[in-house]
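Data first, discussion second: the structure below is written as structure tokens.
Just so you know, these numbers come straight off a predicted model, no measurement behind them. Values reported hereafter were calculated over all heavy atoms of this structure, with side chains retained and with hydrogens, waters and symmetry mates removed. We name chains A, B, ... by the order of the sequence lines, and we start the count at 1 in each one.
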Amino acid sequence: MHDIKYIRAHAEEFEQKLKRRGEDVNVEELINLDTHKREIIQNIDRMRERRNAASKETGVRKKSGQNIDELRSEVLEIGAKLKEAESNLRELDERINNWLLPLPNIPSDQTPEGLTEKDNEFIRDWGEPPEFDFELLDHLAIGERLDILDFKRGSNITGSGFPVWSGAGAGLERALINFMLDLHTNEYGYREMMTPFLANRNSMEGTGQIPKLEYDMYRIDKDDLFLLPTSEVTLVNLHRGEIIPETDLPIKYVAYSPCFRREAGAYGRTTRGFLRTHQFNKVELVRFEKPENSYQVLDELLGNAEEVLRKLDLHYRVVKLCAGELPFAAAVCYDIEVWAPADGGRWLEVSSCSNTEAFQARRANIRYRPVDGSKPQFVNILNGSGLATSRLMVALLETYQTQEGSLIVPPVLRSYMGGKTLVTA
RNA sequence: GGAGGAUUAGCCUAAUUGGUAAGGCAGCGGUCUUGAAAACCGCCGGGUUUACACCCUUGGGGGUUCGAGUCCCUCAUCCUCCGCCA
């Protein structure tokens, strides 16, 4: 959500900044609505002032036995006018809200110009693409050969895009999740949370999934609840409506959750196998920070996510997304892409690390009270995957395959796999 | 699912038969002090306004009334008990 005062004072600048991400808006109508709204508020306040005074006077006169008929009829008349004005105000409020809620965050000045993937800025890469002297299998072929991955039965029980991990595959998935949770809690001081996997409408609006992405989510109609597309939703909404003492900041959360995305209509090469599924597992990082720290913290968060890949010894790169590619709530976003060597090799997105600045905080009304007692300020909220397992598993299977068709268990995962070093057919 | 009770500002607690939210703690600023504590003064939810001032805020939303923390309806959350249940 945007600060209407900021828009009022910097209308042109606001439009320009949204234009950077391909959003064409004209805020003139919004500003007119806002001006009108403030007029109505002042009008309502004056009527209420008179009504309050008259009712008070009624009480006094009644006590002393004087006639109150005239006052009573005046208050009744004001009441009728008020009712109308209040209804106008509600309608205006709703229109302003409908205007603001679908608008994405404005890009930070440091976000690169551009609208498509090719405008993303390369930041760094790590490691080297692994070399092989045999014909590589892709992750689907490896999964089938080792009998650890079953797409067909998954679609039997739910539908396409719902994979089933089997045997050592399920073990590997669980090992990855545990490894990542341990890393972020023990080494980086995040507090582990186990949250519900469903969230209500207010929560979804708070983090920005609603209204724009409502139909990309699975919904439980009867209770108006949504399956999480990411545990960012629950971690951020833990503090919805709160004023946090400054001394409690920063707050650093990590959570595992399955993530559910309908991604309606997305089929083709990029959806093959694990590249895009309707359900996947993810370990998510969320941080609540003071504004002056948030960009330094974004670098830190990104580093925390990268460390997962370094410990797994997987080749990866970091790109900074251009304005047009930013997630809805982000002002700046880095993607981490891991190298999957089969099929000639391709980069797969395994993490997005964003600074939403005050955008989510304003939507979810999360503030902090400065120790000096000054007015509550919106916190800055950052989130990052650390990491999503499905595409990570693609890179892992393809990178750690052997000529014999078995799979080497990455050293950091062995303690989570009962010491197993090799998965064989 | 059923019955009863509860919800007042960051926290805690008041408010005669309906008369327009009283205090305390914590925090911040100041006076005093070598410094601190204590004491005293001020600030300490949100909105409109250059300002003065005014308005709103007793979990949310409605209703009755000249007037609602108080009465009625409804929803949410919490507590106690009953039922069901992994």
* In terms of the angle between their ring planes, are H239(A) and Y253(A) parallel, tilted or perpendicular, with boundaries placed at 30° and 60°? -> parallel
If you measure from the [atom1] atom in [N] to the same atom in [M], how many Å do you get, rounded?
N: rC32(B); M: rC41(B); atom1: P; answer: 16 Å
N: rA37(B); M: rU49(B); atom1: C1'; answer: 42 Å
N: rA39(B); M: rA26(B); atom1: P; answer: 9 Å
N: rC44(B); M: rC52(B); atom1: P; answer: 13 Å
N: rU64(B); M: rC78(B); atom1: C1'; answer: 29 Å
N: rC43(B); M: rG23(B); atom1: P; answer: 12 Å

Integer-rounded Å distance: [N] [atom2] and [X] [atom1]:
X: I44(A); N: rG46(B); atom1: CD1; atom2: P; value: 21 Å
X: I243(A); N: rC44(B); atom1: CD1; atom2: P; value: 14 Å
X: E39(A); N: rU48(B); atom1: CD; atom2: C1'; value: 12 Å
X: M47(A); N: rC56(B); atom1: CE; atom2: P; value: 12 Å
X: D3(A); N: rG46(B); atom1: CG; atom2: P; value: 14 Å
X: D45(A); N: rC54(B); atom1: CG; atom2: P; value: 11 Å
X: R240(A); N: rA76(B); atom1: CZ; atom2: P; value: 15 Å
X: K56(A); N: rA21(B); atom1: NZ; atom2: P; value: 6 Å

If you check the [X] side chain, which of [options] turns out closest?
X: N52(A); options: rU49(B), rC66(B), rC56(B); value: rC56(B)
X: R8(A); options: rG63(B), rU49(B), rC56(B); value: rU49(B)
X: E49(A); options: rG46(B), rG63(B), rC54(B); value: rC54(B)
X: L76(A); options: rG46(B), rU48(B), rC66(B); value: rC66(B)

* Asked: What pairs of residues pass the side-chain hydrogen bond (donor to acceptor under 3.5 Å, both in side chains) test when at least one of them lies in residues 1-11 of chain A, not counting sequence neighbours?
  -> Y6(A)-E13(A), R8(A)-D34(A)
* **Of Q42(A) and A53(A), the one whose closest RNA chain B nucleotide lies more 5'** => Q42(A)
Distance-only polar pair, side chains of [X] and [Y], donor-acceptor under 3.5 Å:
X: R310(A); Y: Y316(A); value: yes
X: E232(A); Y: Q360(A); value: yes
X: N98(A); Y: R95(A); value: no
X: S352(A); Y: E349(A); value: yes
X: Y295(A); Y: E357(A); value: yes

Do the side-chain N or O atoms of [X] get closer than 4.0 angstrom to the phosphate oxygens (OP1, OP2) of [N]?
X: R38(A); N: rU49(B); result: yes
X: R48(A); N: rC55(B); result: no
X: K5(A); N: rU49(B); result: no

* Asked: According to the Watson-Crick and G-U wobble definition with distances under 3.5 Å, which dot-bracket string, read 5' to 3', encodes RNA chain B, using [ ] for crossing pairs and | for pairs with another strand?
  -> (((((((..(((......[...))).(((((.......))))).((((....))))..(((((..]....))))))))))))....
Could you list the donor-acceptor pairs under 3.5 angstrom formed by side chains in residues 174-186 of chain A, with sequence neighbours left out?
{"from": "D182(A)", "atom 1": "OD2", "to": "Y416(A)", "atom 2": "OH", "distance (Å)": "2.7"}
{"from": "H184(A)", "atom 1": "NE2", "to": "G386(A)", "atom 2": "O", "distance (Å)": "2.8"}
{"from": "T185(A)", "atom 1": "OG1", "to": "L181(A)", "atom 2": "O", "distance (Å)": "2.8"}
{"from": "T185(A)", "atom 1": "OG1", "to": "D182(A)", "atom 2": "O", "distance (Å)": "3.2"}
{"from": "N186(A)", "atom 1": "ND2", "to": "D182(A)", "atom 2": "O", "distance (Å)": "3.4"}

